[in-house]
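Working notes, beginning with the structure itself.
The model shown is predicted, which means the values in this text are computed figures rather than measured ones. Chain identifiers are assigned alphabetically (A, B, ...) following the order of the sequence lines, protein sequences preceding nucleic acid strands; residue numbering begins at 1 within each chain. Worth knowing before you read on, the calculation uses all heavy atoms, side chains too, and leaves out hydrogens, waters and symmetry mates.
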There are 2 protein chains.
Amino acid sequence: MEEKLPAFESVFSIDCLIFGFEAGELKILLIERNDEPFKDWYALPGYIVKQDESLDDAADRILYELTGLRDLQMKQFHTFGEVNRHPQGRVITVGYYALIRITGQKELRPISQYARKAIWHSVNNLPKLAFDHTEIFNNGFSKIRRRLNHQPLAFDLLPEKFTLTQLQVLYEAILNKKLDKRNFRKKMLSYGFLKELVEKQKGVSYRAAKLYKFDKRKYAKIFQNELTA
Amino acid sequence: MEEKLPAFESVFSIDCLIFGFEAGELKILLIERNDEPFKDWYALPGYIVKQDESLDDAADRILYELTGLRDLQMKQFHTFGEVNRHPQGRVITVGYYALIRITGQKELRPISQYARKAIWHSVNNLPKLAFDHTEIFNNGFSKIRRRLNHQPLAFDLLPEKFTLTQLQVLYEAILNKKLDKRNFRKKMLSYGFLKELVEKQKGVSYRAAKLYKFDKRKYAKIFQNELTA
DNA sequence: CCAAAAGTGTTTTTTATACACCCATGA
DNA sequence: TCATGGGTGTATAAAAAACACTTTTGG
């Protein structure tokens, strides 16, 4: 066992699961660590909570410092508190997740020296991760998968305007199974929170698909009971 | 703001939501605090996690010390980390819940001096609770309510042998709405994890109802997919 | 024989599933 | 004109909801 840093005697930390969607694949945001322990390993973006900030605030700040991403509306999913999960001392970590659009232009650059870089990695074939981050990932991913059927998580992953096929491909990526096209469209449209636009897809060499927007206000109206999630 | 105790500079704690069911009412286990802050107030059973114990272990120990209850299989539901939730310093607390049988004979007696006594209190008309415990209660209760339809939580609240009416009354208490008798029975029996006993209810002045047992093994078999909860 | 709760089926509505072809477009 | 994905409907099965009377028992 390595020497314990005083700062590490007993601390809270946050680890973030940030999901994105690109080229039909579900991705997760990882950082390459620049510090011991686990220097050079991939890890979830995460760091220590300060004395004077709430967990939610800490999650926002930490994600920003490690990836440059802001204003994500992350949610907590589980807290990990095994005694030896961190080799330098007692660290209890709260897992947060968010699902976001990968906007090609926005480059990810860590502010903190603690991460060398931040990269998107397919959720399939994840590399070995530092600490117990693989467990944290599995725990969070399975929760999101279960929540997908009750909450409009998927819409955060798509561009503002999207086709029904894009939406279906995304669902299939998250649930890891094929869905029936007609039934999927029927069901999605029946919810009533998809707004059909006049605009159509552009630049494709086949019949252009209709574009849709997710209407948050309608969703909130329809599901106000379940909103207490 | 009161003086900060050194021990409280930055600690993890556990707070427990223990649900019981008695006389057709859903109850929650509260302690009467014997220490400042919030001396004499009602609070959820909760205390500080030790350096060398996992969160799950801490939850077991703390509940035992405050109420005398053991071996409950509590599960975590949320972590509360607002900066000023504890007047003496930074305390981040992990909420755990369990649902248990109230066995009349087993008296609740706190081991620790920190709780004067432990009592069952109806979930309706809860008194004011210490710290942010009302918020913790609301958060946990609404999660349990939602989980009720997917997990066999309710059976932990009933005696080993129970009637279908008892089960229904319990569901109604948790969900806070009336259910249709025939549909309820049909659905419960269709799951296939209720074992009908030869034995019948005794000592009632009306037609005695059949008794049932919950068959955990069958449940596990049937729902092995969803078990990764 | 009465009060109290146990027990029981059918119909209707809603929701999920299975399944295959024509259409529009750009290259 | 062809390749590519866009778009559409119907029939069947399964699940949920609505609904009221007879039976058993102890007092």
Side-chain angles (χ1 to χ4, degrees), chain A residues 21 23-25 145-146 148-152 158-159 161-173 175-213 222-223 225-226, chain B residues 21 23-25 145-146 148-152 154 158-159 161-213 222-223 225-226:
Chain A
F21 185 63
E25 268 203 316
R145 205 176 262 150
R146 245 173 293 135
L148 184 64
N149 290 316
H150 312 289
Q151 281 175 46
L158 292 172
K161 302 169 184 179
F162 52 85
T163 70
L164 290 178
T165 297
Q166 286 169 340
L167 184 61
Q168 183 178 342
V169 170
L170 170 55
Y171 266 74
E172 290 176 342
L175 299 174
N176 199 27
K177 66 177 179 192
K178 284 278 165 206
L179 301 172
D180 178 86
K181 182 157 74 161
R182 279 178 289 190
N183 292 336
F184 179 81
R185 295 160 98 96
K186 210 186 311 172
K187 195 167 152 191
M188 279 298 149
L189 292 172
S190 79
Y191 288 137
F193 51 59
L194 289 182
K195 198 154 105 193
E196 184 179 329
L197 304 176
V198 205
E199 208 178 334
K200 297 203 167 182
Q201 213 178 15
K202 272 170 196 157
V204 290
S205 74
Y206 46 80
R207 178 175 178 179
K210 282 181 200 161
L211 290 172
Y212 290 82
K213 264 174 109 165
I222 299 169
F223 295 97
N225 302 326
E226 301 187 28
Chain B
F21 185 62
E25 267 203 317
R145 203 176 263 151
R146 245 173 294 133
L148 184 65
N149 290 317
H150 312 291
Q151 282 175 47
L158 292 173
K161 302 169 183 179
F162 52 85
T163 70
L164 289 178
T165 298
Q166 285 169 342
L167 184 61
Q168 183 178 343
V169 170
L170 171 55
Y171 266 74
E172 291 176 340
I174 300 179
L175 298 174
N176 199 27
K177 66 176 178 193
K178 284 277 165 208
L179 300 173
D180 178 86
K181 182 156 75 159
R182 279 177 289 190
N183 291 336
F184 179 81
R185 294 160 98 97
K186 211 183 311 169
K187 195 166 152 190
M188 278 299 149
L189 292 172
S190 79
Y191 288 136
F193 51 59
L194 289 183
K195 198 155 102 193
E196 184 180 329
L197 305 177
V198 205
E199 207 179 334
K200 298 204 165 180
Q201 213 177 15
K202 271 171 199 157
V204 291
S205 72
Y206 47 79
R207 179 177 179 178
K210 284 181 199 161
L211 290 171
Y212 290 82
K213 263 174 109 167
I222 298 170
F223 294 99
N225 302 326
E226 300 187 27

Under the ring pair (Phe, Tyr, Trp, His ring centres under 6.0 Å) test, residues paired with B:Tyr191 that sit two or more places apart = B:Phe193

inquiry  = For a quick check of understanding: with a heavy-atom distance under 4.0 Å over all strands, which category does B:Thr165 fall into, base, sugar-phosphate or nothing?
reply    = sugar-phosphate

message = Can you list everything that forms a side-chain contact (heavy atoms from CB on, under 4.5 Å) with B:Thr165? Sequence neighbours excluded, please.
response = B:Thr163, B:Val169, B:Arg185

Using nucleotides 25-27 of chain D, report all nitrogen or oxygen pairs with the protein that are shorter than 3.5 Å.
none

query = salt bridge (charged side-chain N to carboxylate O under 4.0 Å, His left out): which pairs involve residues 199-209 of chain A, sequence neighbours left out?
reply = A:Lys161-A:Glu199

message = Going by side chain to side chain donor-acceptor pair (under 3.5 Å), name the residues that satisfy it together with B:Asn183, two or more places apart in sequence or in a different chain.
response = B:Asp180, B:Lys186

message = Please enumerate all residues that pass salt bridge (charged side-chain N to carboxylate O under 4.0 Å, His left out) together with A:Lys187, with sequence neighbours excluded.
response = none

task = Take atom CE of B:Met188 and atom C1' of D:dA17, then tell me their distance rounded to the nearest Å.
result = 15 Å

task = Could you tell me whether the side chain of B:Leu197 reaches within less than 4.5 Å of the side chain of B:Lys210, counting heavy atoms only?
result = no

query = Do A:Tyr206 and A:Gln201 pass the side chain to side chain contact (heavy atoms under 4.5 Å, CB included) test, and can you show the C-alpha distance, the side-chain angles, and the key distance before you say yes or no?
reply = CA-CA 10 Å; A:Tyr206 46 80; A:Gln201 213 178 15; 4.1 Å; yes

ask   = side-chain contact (heavy atoms from CB on, under 4.5 Å) with B:Leu179: which residues, sequence neighbours excluded?
value = B:Gln168, B:Tyr171, B:Glu172, B:Lys177, B:Phe184

query = Can you find a heavy atom in the side chain of A:Leu189 that is under 4.5 Å from one in the side chain of A:Tyr212?
reply = yes

ask   = What residues form a salt bridge (charged side-chain N to carboxylate O under 4.0 Å, His left out) with B:Lys195, not counting sequence neighbours?
value = none

Any N/O pairs under 3.5 Å between the protein and nucleotides 8-10 of chain D? List them or say none.
{"from": "D:dG9", "atom 1": "N1", "to": "A:Arg182", "atom 2": "NH1", "distance (Å)": "3.4"}
{"from": "D:dT10", "atom 1": "O4", "to": "A:Lys186", "atom 2": "NZ", "distance (Å)": "2.8"}

Whole-Å distance separating the CD atom of A:Gln201 from the C1' atom of D:dG6 = 9 Å

query = 5' to 3' on DNA chain C, which nucleotides open and close the contacts with chain B (atom under 4.0 Å from a heavy atom)?
reply = C:dA4 to C:dT10

